[in-house]
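Side-chain atoms are counted along with the backbone in the values below, which use heavy atoms only and exclude waters and symmetry mates.
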Amino acid sequence: MKPRVLFLCTGNSARSQMAEGWLRHLAGGRYDVCSAGTQPVGLNPGSIEAMAEVGIDIAHH
């Protein structure tokens, strides 16, 4: 069983989504990674764009 990591923030629209994307990218599948929000509002398009600039796709989160 892989270790689990949860990134939690209020809206789950930017910081936690980006952190999830980075860990998935850097860990290469060694962790079960997810993100959540206490009051989720949906993924910020700017987060998708910023991560795409460094080659990480978070559009499916």
Side-chain angles (χ1 to χ4, degrees):
M1 186 171 169
K2 294 189 264 186
R4 294 180 179 170
V5 177
L6 170 64
F7 292 102
L8 180 66
C9 71
T10 306
N12 195 33
S13 64
R15 292 178 302 261
S16 57
Q17 294 283 348
M18 294 170 80
E20 176 186 350
W22 273 113
L23 185 56
R24 286 182 185 275
H25 176 75
L26 295 172
R30 293 184 307 235
Y31 295 91
D32 182 12
V33 185
C34 60
S35 60
T38 57
Q39 299 173 344
V41 296
L43 187 54
N44 183 321
S47 300
I48 297 170
E49 185 178 323
M51 294 298 284
E53 289 179 10
V54 295
I56 300 172
D57 180 14
I58 64 168
H60 63 281
H61 285 185

S.K.: Have a look at Gln17 and tell me which of Ile58, Ile48, Asn44 forms a side chain to side chain contact (heavy atoms under 4.5 Å, CB included) with it.
M.R.: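 So the option named by the test is Ile58.
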
S.K.: Answer whether the closest heavy-atom distance between the side chains of His61 and Arg24 falls below 4.5 Å.
M.R.: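 Yes. Closest side-chain heavy atoms under 4.5 Å.
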
S.K.: Please identify each residue that fulfils side-chain hydrogen bond (donor to acceptor under 3.5 Å, both in side chains) with Ser16, with sequence neighbours left out.
M.R.: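 Counting only residues at least two positions away or on another chain, Ser16 forms a side-chain hydrogen bond (donor to acceptor under 3.5 Å, both in side chains) with Asn12.
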
S.K.: For side-chain contact (heavy atoms from CB on, under 4.5 Å), just list the numbers for Ser13 and Val41, CA-CA rounded to whole Å, side-chain angles, deciding distance to a tenth of an Å, and then say yes or no.
M.R.: CA-CA 6 Å; Ser13 64; Val41 296; 3.8 Å; yes

S.K.: Rounded at 0.5 Å granularity, tell me how far CD in Glu49 sits from CE in Met51.
M.R.: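 Separation between the atoms: 13.0 Å.
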
S.K.: Going from OG on Ser47 to CZ on Arg15, what distance comes out if it is rounded to the nearest 0.5 angstrom?
M.R.: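 Rounded to the nearest 0.5 Å, the OG-CZ separation comes out at 9.5 Å.
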
S.K.: To the nearest 0.5 Å, how far apart are CE in Met18 and SG in Cys9?
M.R.: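 Answer rounded to 0.5 Å: 11.5 Å.
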
S.K.: Between atom NE2 of His25 and atom CD of Glu20, what is the distance when rounded to the nearest 0.5 Å?
M.R.: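 Here the rounded value is 14.0 Å.
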
S.K.: Are Asp32 and Lys2 close enough for a salt bridge, meaning some N to O gap below 4.0 Å?
M.R.: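 Between Lys2 and Asp32 there is no salt bridge, as every charged N stays at least 4.0 Å from the carboxylate O atoms.
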
S.K.: Do Val5 and Trp22 share a hydrophobic cluster (ILVMFWY, side-chain heavy atoms under 4.5 Å, transitive)?
M.R.: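 No, it is not one cluster - the side chains of Val5 and Trp22 are not joined through contacts under 4.5 Å.
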
S.K.: When you group the ILVMFWY residues by side-chain heavy-atom contacts below 4.5 Å and let the links chain together, are Phe7 and Leu26 in the same group?
M.R.: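 No, separate clusters.
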
